[in-house]
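We number each residue from 1, following the sequence as shown.
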Amino acid sequence: MTGLIAYSVMILGLVAMLRRPNFRMRLPDAMTKRWRRLACVGAAGVMIRISLAAALTFCTGTMATAAADLYRAQAIVTGQGEANRIIGFAACLEDVLIKVSGAQKLGGDRRLATYKSNARDFVRAFSYHDQMSGTPTRDEQGTRDRPYDLIVDFDEKKIDAILKALGLKPWLSHRPVLGVFVEMQQGPRKYIVTADSDQSAIQRESLLAAAAKRGMTIVLPGVAALAKSGINGAELGSMSSSTLASVAAEQGGEIALVGRLVWIDRELGWATQWQMDRQGRSHRWQVRRITFDEAFRRGIGGAAEVLSQQR
């Protein structure tokens with residue numbers, strides 16, 4: 001799809017150039033006119049293909065990609081040596097088991113120790129992405145100490161078998177889109193993480209990464225949507241679930257998840273509270289002394305755990 005779009009940009013650029021009244025090409029006039037006609041036809045064909053491809057992606061690609069991604073995880077490793085790769089496999093295995101089942105409680109579960117020590121046996125394929133791609137090596141270390149994203153695809157049947165042994169099962173049914181509302185407070189500074197504010201760009205990226213890690217899709221409110229609904233940080237915790245659900249729905253969310261993070265200096269970490277109303281029940285959980293990256297994983301992971309149990 002990306003290649004098709006790039007090709008279309010090239011074709012449309014050619015069309016624009018050929019249609020200029022003052023364009024001159026070192027060809028007979030008849031041939032130049034023929035080139036113009038062919039370019040226009042080609043552009044039309046490409047745009048039709050893009051429309052069809054986009055429609056197919058919207059209708060079928062999202063679900064297919066989501067299902068495949070459930071059995072994929074990634075970890076940051078140093079170099080491409082086997083020793084660090086084995087460590088990465090173990091970390092990815094735990095993430096995939098949580099991701100596929102929705103059971104956040106598996107994090108740190110002692111029962112996973114044996115499986116993690118043999119994690120390579122469950123791997124179907126793996127690849128690396130150089131985080132410093134484009135940056136030349138400058139010393140004798142070469143690529144040995146460069147940071148890489150280790151991307152691991154696990155065997156679906158083997159992962160399902162592990163979950164069965166643990167008394168769990170894959171969560172392969174529809175996963176609701178979470179409309180996430182997060183208030184951050186650090187000293188006098190308060191703000192809500194939005195989809196389009198520069199102030200919360202880092203937290204936004206972290207939330208999206210946490211959602212991908214837990215196999216969930218999230219949407220964030222825009223600044224205009226919050227202003228329209230009269231929502232600010234001070235009022236977020238007291239807003240009714242129906243009001244937040246309505247705002248979330250405007251962004252494509254199906255369920256509202258509300259989080260509040262407060263920085264505690266003496267603990268050198270964030271105190272977090274999360275709430276989600278589902279099927280007439282209010283679910284709440286909290287955790288302290290963690291980074292906001294971990295807080296977001298706990299928040300979205302907690303929502304996934306609730307929803308996976310209610311499927």
Rounded at 0.5 Å granularity, tell me how far [atom1] in [X] sits from [atom2] in [Y].
X	Y	atom1	atom2	answer
T291	L268	OG1	CG	12.5 Å
I162	L168	CD1	CG	11.5 Å
E156	F122	CD	CZ	15.0 Å
F89	F154	CZ	CZ	7.5 Å
L220	S197	CG	OG	11.0 Å
K99	L70	NZ	CG	6.5 Å

Donor-acceptor under 3.5 Å ([X] side chain, [Y] main chain):
X	Y	result
S101	A103	yes
R111	A165	no
N84	T78	yes
K105	E305	no
K158	R124	no

Can you give me the closest heavy-atom contact between [X] and [Y], atom names plus distance?
X	Y	value
G301	Q104	CA-OE1, 3.3 Å
L261	V182	CD1-CG1, 3.9 Å
N118	T114	ND2-O, 3.0 Å
D277	H283	OD1-N, 4.4 Å
W171	S308	CE3-CB, 3.6 Å
A303	L178	CB-CD1, 3.9 Å

Taking [Y] as the starting point, is it possible to reach [X] by hopping between hydrophobic residues whose side chains are less than 4.5 Å apart?
X	Y	value
I87	V152	no
V100	V123	yes
V258	V262	no
I202	V180	yes
V177	I255	no

Problem set entry | Candidate pair M276 and L307, rule side chain to side chain contact (heavy atoms under 4.5 Å, CB included), full reasoning | CA-CA 10 Å; M276 181 178 71; L307 294 170; 4.1 Å; yes
Exercise. Are side-chain N/O atoms of Q131 and R146 paired as donor and acceptor at under 3.5 Å?
Worked result: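 There is no such pair (donor and acceptor under 3.5 Å, judged by atom type) between the side chains of Q131 and R146.
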For this session: Decide yes or no on side chain to side chain contact (heavy atoms under 4.5 Å, CB included) for V77 and Y148, but give the supporting numbers first.
Result: CA-CA 5 Å; V77 296; Y148 288 85; 4.1 Å; yes
For this session: Start with the C-alpha distance between Q185 and R260, add both sets of side-chain angles, then the distance that settles side-chain hydrogen bond (donor to acceptor under 3.5 Å, both in side chains), and finish with yes or no.
Result: CA-CA 8 Å; Q185 179 179 345; R260 185 168 187 267; 2.7 Å; yes
For this session: Before giving the answer on salt bridge (Lys or Arg N to Asp or Glu O under 4.0 Å), spell out for R72 and D153 the whole-Å C-alpha distance, their side-chain angles and the decisive distance to 0.1 Å.
Result: CA-CA 4 Å; R72 177 180 300 141; D153 289 298; 2.6 Å; yes
In a table with atom names and distances, give each donor-acceptor pair under 3.5 Å that connects a side chain of residues 205-219 to protein atoms at least two apart or in another chain.
unit_1	atom_1	unit_2	atom_2	d
S206	OG	D293	OD1	2.4
K213	NZ	D95	OD2	2.8

Exercise. Which of these, Q186, Q199, Q203, E183, sits in a side-chain hydrogen bond (donor to acceptor under 3.5 Å, both in side chains) with Y191?
Worked result: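 With Y191 as partner, side-chain hydrogen bond (donor to acceptor under 3.5 Å, both in side chains) holds for just one option, Q203.
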Exercise. Quick one: salt bridge (Lys or Arg N to Asp or Glu O under 4.0 Å) partners of E250, sequence neighbours excluded?
Worked result: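 By the salt bridge (Lys or Arg N to Asp or Glu O under 4.0 Å) rule, E250 matches no residue at all.
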For this session: If the plane angle is over 60° it's perpendicular, under 30° parallel, otherwise tilted; pick one for W263 and W270.
Result: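 Because their plane-to-plane angle is over 60°, the rings of W263 and W270 count as perpendicular.
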For this session: May I ask you to decide if the ring planes of Y128 and F126 are parallel, tilted or perpendicular, using 30° and 60° as cut-offs?
Result: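 Answer is perpendicular, since the angle exceeds 60°.
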Do [X] and [Y] have side chains that get closer than 4.5 Å, going by heavy atoms?
X	Y	value
L166	Y115	yes
P170	Y71	yes
L106	L163	yes
I192	V223	no

Problem set entry | side chain to side chain contact (heavy atoms under 4.5 Å, CB included) between T272 and F296, worked out | CA-CA 9 Å; T272 69; F296 294 156; over 6 Å; no
Exercise. If you draw a 6.0 Å radius around CD1 in I264, do more than 12 non-hydrogen atoms from other residues or ligands fall strictly inside?
Worked result: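 Enclosed: over 12 neighbouring heavy atoms sit under 6.0 Å from CD1 of I264.
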Exercise. Hey, mind stepping through E82 and R85 against salt bridge (Lys or Arg N to Asp or Glu O under 4.0 Å) and telling me if it holds?
Worked result: CA-CA 5 Å; E82 183 178 9; R85 181 163 61 246; 5.1 Å; no
